[in-house]
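What follows is one structure encoded as structure tokens, with my remarks underneath.
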Amino acid sequence: MRRLRKNEPMRSLLRETALRVEDLVYPLFVIEGKRIREPVASLPGIHRLSPDMILPEIDEVVSLGIQAVLLFGIPAAKDPLGTGGYRADGVVQQAIQAIKRHCPGLVVITDVCLCEYTSHGHCGVVRDKEVLNDPTLELLAKIAVSHARAGADVVAPSDMMDGRIKAIRSGLDEAGFETTPIMSYAAKFSSAFYGPFREAAQSAPAFGDRRSYQMDPANRREALREVLLDIEEGADIVMVKPALAYLDILREVRDRCLHPLAAYNVSGEYAMVKAAAQQGWIDGRQVMMEILLAIKRAGADLIITYFAKEAAHLLRQG
Ligand code: PBG
């Protein structure tokens with residue numbers, strides 16, 4: 001086998017998987033207010049930005065050749081029904097408009113969920129400490145439509161309610177957004193790897209956990225059922241999340257369906273690499289590239305990652 005590993009030209013000739021800048025999606029946290037650029041302690045290099053502060057970041061992203069961003073909103077006020085999620089002048093809606101005005105060619109994807117907007121921090125309507133499924137669907141569709149109306153190119157529901165893709169598809173179609181695609185967080189596991197995100201987005205649940213709606217990490221077949229159901233309901237792109245501890249799921253989905261597949265290299269995966277690199281225990285850049293390549297090799301077409309800018313830098317240097 002070593003004949004073919006002799007030198008770098010030979011190795012690159014035979015390399016089976018390539019990571020491209022175009023594969024990367026950069027997540028952004030938009031916080032309501034003005035002139036805010038707050039670092040997120042557990043995600044070194046990542047900031048919460050107010051809509052007026054987002055454009056320099058967008059310029060940087062675009063100059064690196066990154067094609068898409070994924071927006072998360074952090075509203076000034078929260079309520080039990082998360083009404084801030086579908087206000088026409090909500091924080092994400094403002095950001096979408098500013099970005100699309102500034103840079104119409106950048107693909108703007110928006111996270112559609114209630115947890116950042118609800119006072120209890122759950123991804124749905126709560127009654128007697130229970131997260132209700134069907135009453136949540138209507139609100140999710142409203143959020144998706146308001147994002148599309150503000151100019152979002154793709155909406156990405158991350159709540160894990162049953163039937164939400166169908167509800168969002170109908171909502172979009174009825175409102176005249178039949179050309180807006182849905183990227184579904186189809187197999188989203190209930191994961192401790194989301195810890196730093198919840199700090200960044202101020203969206204930790206006030207009571208209980210998300211195990212009654214997000215998936216059990218032990219379940220592989222169920223992940224496939226989730227993906228196939230979302231496809232049936234009209235998802236255009238399906239996602240597996242987290243990525244690193246779920247590469248088998250990515251592979252399985254890749255082998256079983258033909259839809260574009262996204263992987264979310266989540267906050268905890270990023271934080272672990274950053275923390276170990278800061279200690280000098282690993283080479284952070286090399287580990288980053290190895291992880292992103294592994295996600296690609298497992299079958300992902302798109303990778304949503306806090307590493308997008310750093311990886312793009314390295315990929316452009318060649
Ligand atoms: C919202 C949402 C979460 C993430 C993306 N969308 C958090 C959660 O479900 O608690 C996590 C992303 C990350 O950890 O980077 N539902």
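We count ligands from 1, going down the list as the structure has it; atoms in each ligand are counted the same way. Start at 1 with the first residue, then count along the sequence.
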Under 4.0 Å from ligand 1, counting heavy atoms only, is it the side chain of [X], its backbone, both or neither?
X      : answer
Cys115 : side chain
Asp111 : side chain
Tyr264 : side chain
Ser267 : both

Passing option when Thr110 is tested against Ile143, Val155, Val30, Val154 for side chain to side chain contact (heavy atoms under 4.5 Å, CB included):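 Testing Thr110 for a side chain to side chain contact (heavy atoms under 4.5 Å, CB included) against Ile143, Val155, Val30, Val154 leaves exactly one candidate, Val155.
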Considering heavy atoms of the protein only, find what lies nearest to [atom] and give residue, atom and distance to 0.1 Å.
atom                    : answer
atom 15 (O) of ligand 1 : Tyr306 OH, 2.6 Å
atom 10 (O) of ligand 1 : Arg198 NE, 2.6 Å
atom 2 (C) of ligand 1  : Lys188 NZ, 3.3 Å
atom 4 (C) of ligand 1  : Lys241 NZ, 2.6 Å

Distance filter under 4.0 Å to [X] heavy atoms, resulting ligand 1 atoms:
X      : answer
Cys113 : 16 (N)
Ser158 : 1 (C), 2 (C), 6 (N), 16 (N)
Glu116 : 1 (C)

Are there more than 12 heavy atoms of other residues, nucleotides or ligands under 6.0 Å from atom [atom1] of [X]?
X      : atom1 : result
Gln286 : CD    : no
Leu258 : CG    : no
Arg211 : CZ    : no

- request: Fit a plane to each ring of Phe207 and His122, take the angle between them on a 0 to 90° scale, and name the class: parallel (under 30°), tilted (30 to 60°) or perpendicular (over 60°).
  value: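 Ring orientation of Phe207 relative to His122: tilted.
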field: Plane angle bin for Phe72 and Phe197 - parallel if under 30°, tilted between 30 and 60°, otherwise perpendicular
entry: perpendicular
query: Tyr194 ring centre to Lys188 NZ or CZ under 6.0 Å, with the angle to the axis within 45°?
result: yes
query: Is Gln214 near ligand 1, meaning one of its heavy atoms is under 4.0 Å from it?
result: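 Per 4.0 Å heavy-atom rule, Gln214 contacts ligand 1.
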query: Going by atom types alone, do Ser146 and Gln93 pair a side-chain donor with an acceptor below 3.5 Å?
result: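 Indeed, the side chains of Ser146 and Gln93 share at least one donor-acceptor pair under 3.5 Å.
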query: Nearest heavy atom to atom 12 (C) of ligand 1: which of Tyr185, Tyr270, Phe197 does it belong to?
result: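 Considering heavy atoms of Tyr185, Tyr270, Phe197, the nearest to atom 12 (C) of ligand 1 sits in Phe197.
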Check: Ser203 N/O within less than 3.5 Å of ligand 1 N/O: no
field: Ile165 vs Pro157 side-chain heavy atoms within contact, under 4.5 Å
entry: yes
